[in-house]
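Keep in mind that what you see is a predicted model, and the values were worked out from it rather than measured. Quick note: numbers below take in every heavy atom, side chains included, and nothing from hydrogens, waters or symmetry partners.
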Amino acid sequence: MPSKKKIDWFGSSTLAEWAQLPRHILELEAQGVVTRTFRRLDPVVQRRVVGGILEESKAAGPTGVTLRGVAARAKVSVGSLYSYFGSREMLIRFAVELCARYLVDLMAMAGPYMRGMPLRDGLRLYLATGLEMMEGAVPMMEFFGRAAYAGDAGLQEPVVRPVADAMRGALQAMLEGARDRGELRAGLDLDATVRVVNTLLPVAADSQLLPHLNAYLQTTGGDVDRPRMVEALIQLVAHGIAAEAGAAGSGRKGGSAS
C-alpha cells in the first residue's frame with residue numbers, strides 16, 4: 001500500500017487492483033444475489049458496474065443506491081442492471097455486501113504493510129487513514145457506524161463483524177510487528193492490548209463520523225481539532241505500551257503469542 005500519495009480508496013485504479021473481486025462475485029452468485037449474466041460480463045464492464053455501485057454507495061449509503069444512479073455512473077442501462085441483479089432489493093443487498101467485503105479486503109491488504117511500520121507511525125496511519133476514508137465516503141461509513149452502534153441483527157454477521165474483525169486483524173499485525181522489533185514493553189499482554197487499543201481508536205474515529213457520538217464523548221471541540229486529538233491519542237497509546245528508551249530488544253519475546 002503506498003504511503004506517499006493520497007489514495008483514491010473507491011476509485012477505478014484501486015478497484016482494478018481488487019484481486020478478490022471475481023471470488024466475491026462467484027460467492028454472491030451462488031447466494032442468488034447476482035446473476036450468471038453479471039458474472040460472465042467482460043471484466044472491464046463488470047468493474048464499471050461495481051465502481052458505479054461503490055460510488056453510489058459513497059454518495060448515498062449502501063441502502064440508498066438507486067438503479068438510475070448506478071446506471072448513470074456505470075454507463076449501462078437500467079434494463080441491464082435488472083438482468084444483472086433481478087431487482088432493486090438484490091442490487092441493494094449486493095451493495096451492502098460488496099462494501100463490507102471491499103473494506104475487509106482493504107484492511108487485509110494494509111495488515112502486512114502496517115506490520116513493518118514503527119509503532120507511532122503505524123498507529124498514526126491506522127487512525128488517520130481511517131478518518132481519510134470516512135471523509136471520502138461519509139454516507140457509506142455512516143451506514144457502517146450506525147449498523148454497529150444500533151445493533152441491527154440483520155447487519156451484524158454479514159456487515160459489522162467482518163469489517164470489525166478485519167480492523168482488529170490489521171491492528172494485531174501492527175502490534176505483533178512492534179513486539180517482534182522489541183518496541184513494546186516486556187511482558188505486555190498483546191492480545192488484550194490489541195482489543196483495548198482497538199476500542200480506543202475506532203471509537204475516536206467514529207465520533208468524528210457520527211455527530212451525536214461526538215456530542216456525548218466530546219472527542220473534539222473548542223480548541224481541540226481533529227489533528228490535535230489524533231496526535232494526543234497516538235501519544236497516549238504509545239506511551240502506555242512502548243518499551244522505555246534504551247530498552248529496545250528487551251521485549252522481543254514479550255507478550256502473548258497469537
Legend entry - Close side-chain approach of Cys99 to Leu54, heavy-atom, < 4.5 Å: yes
Legend entry - Derivation of the side-chain contact (heavy atoms from CB on, under 4.5 Å) call for Val34 and Glu97: CA-CA 11 Å; Val34 296; Glu97 293 222 17; over 6 Å; no
Legend entry - Worked check of side-chain contact (heavy atoms from CB on, under 4.5 Å) between Met107 and Tyr126: CA-CA 10 Å; Met107 295 305 298; Tyr126 181 85; 4.0 Å; yes
Inset, instruction - Give, for atom CZ of Phe143 and atom CG of Leu155, the distance between the pair rounded to the nearest 0.5 Å. - result: 4.5 Å
Legend entry - Side chain proximity check, Val203 to Tyr149, heavy atoms < 4.5 angstrom: yes
Legend entry - Side-chain heavy-atom pair Met174, Leu125 within 4.5 angstrom cut-off: no
Inset, instruction - Taking all non-hydrogen atoms of both residues into account, name the closest pair between Gly111 and Ala173 and its distance. - result: O-CB, 3.7 Å
Legend entry - Point-to-point distance, once rounded to the nearest 0.5 Å, from CG of Leu171 to CZ of Arg195: 11.0 Å
Inset, instruction - Would you name the heavy atoms of Gly182 and Ala243 that are closest together and state the gap between them? - result: O-CB, 3.8 Å
Legend entry - Within 6.0 angstrom of Arg23 CZ, more than 12 heavy atoms from elsewhere: yes
Legend entry - Close side-chain approach of Phe38 and Leu28, heavy atoms under 4.5 Å: no
Legend entry - Minimum heavy-atom distance Ser207-Leu217, with the two atoms named: CB-CD1, 4.2 Å
Inset, instruction - Identify the two heavy atoms, one from Ala60 and one from Pro139, that lie closest to each other, and give their separation to 0.1 Å. - result: C-CB, 3.7 Å
Inset, instruction - Locate the shortest heavy-atom distance separating Ile92 from Pro62; write the atom from each residue and the value. - result: CG2-O, 4.0 Å
Inset, instruction - Begin with the C-alpha distance, continue with both residues' side-chain angles, and end with the deciding distance and a verdict on side-chain contact (heavy atoms from CB on, under 4.5 Å) for Leu188 and Leu175. - result: CA-CA 11 Å; Leu188 191 72; Leu175 293 188; over 6 Å; no
Legend entry - Point-to-point distance, once rounded to the nearest 0.5 Å, from CD of Gln20 to CD1 of Ile25: 12.0 Å
Inset, instruction - May I ask you to check whether Phe94 and Tyr84 place their ring centres under 6.0 Å from each other? - result: no
Legend entry - Atom NE2 of His212: over 12 foreign heavy atoms under 6.0 Å: yes
Inset, instruction - Test side-chain contact (heavy atoms from CB on, under 4.5 Å) on Ile53 and Phe85 and set out the steps. - result: CA-CA 12 Å; Ile53 291 171; Phe85 302 101; 3.7 Å; yes
Inset, instruction - Decide whether Gln208 and Thr219 meet the rule of one side-chain donor and one side-chain acceptor closer than 3.5 Å. - result: no
Inset, instruction - Mark yes or no for whether Arg226, through its side chain, and Ala128, through its backbone, hold a donor-acceptor pair below 3.5 Å. - result: no
Inset, instruction - Identify whether the distance between the nearest side-chain nitrogen and carboxylate oxygen of Arg146 and Glu142 falls below 4.0 Å. - result: no
Inset, instruction - Heavy atoms only: give me the nearest Pro112-Ala108 pair and the separation to one decimal. - result: CD-O, 3.2 Å
Legend entry - Heavy-atom side-chain contact between Pro202 and Asn198 under 4.5 Å: yes
Inset, instruction - Using modelled atom types only, decide if a donor and an acceptor are shared between the side chain of Arg115 and the backbone of Gln172 within a distance under 3.5 Å. - result: no
Legend entry - Gap separating the CG atom of Leu91 from the CD atom of Glu56, nearest 0.5 angstrom: 9.0 Å
Legend entry - Exercise: do Gln46 and Arg40 side chains pair donor with acceptor under 3.5 Å: no
Legend entry - From CG (Leu201) to CD1 (Ile234), nearest 0.5 Å: 5.0 Å
Legend entry - Interatomic spacing from OG1 in Thr199 to CZ in Arg168 - rounded to 0.5 Å: 10.0 Å
Legend entry - Glu231 and Gln235: side chain donor to acceptor below 3.5 Å: yes
Inset, instruction - Please tell me if the side chains of Val49 and Leu81 come closer than 4.5 Å, counting only heavy atoms from C-beta onward. - result: yes
Inset, instruction - Would you check if the side chain of Arg48 reaches a backbone N or O of Val44 as a donor-acceptor pair within less than 3.5 Å? - result: no
Inset, instruction - Without swapping roles, check the side chain of Arg101 against the backbone of Pro162 for a donor-acceptor pair under 3.5 Å. - result: no
Inset, instruction - State plainly whether the residues Arg228 and Asp225 are in salt-bridge range, i.e. N to O under 4.0 Å. - result: no
Inset, instruction - Decide whether Leu26 and Leu21 are clustered together by the hydrophobic rule: side chain heavy atoms of Ile, Leu, Val, Met, Phe, Trp, Tyr closer than 4.5 Å, transitively. - result: no
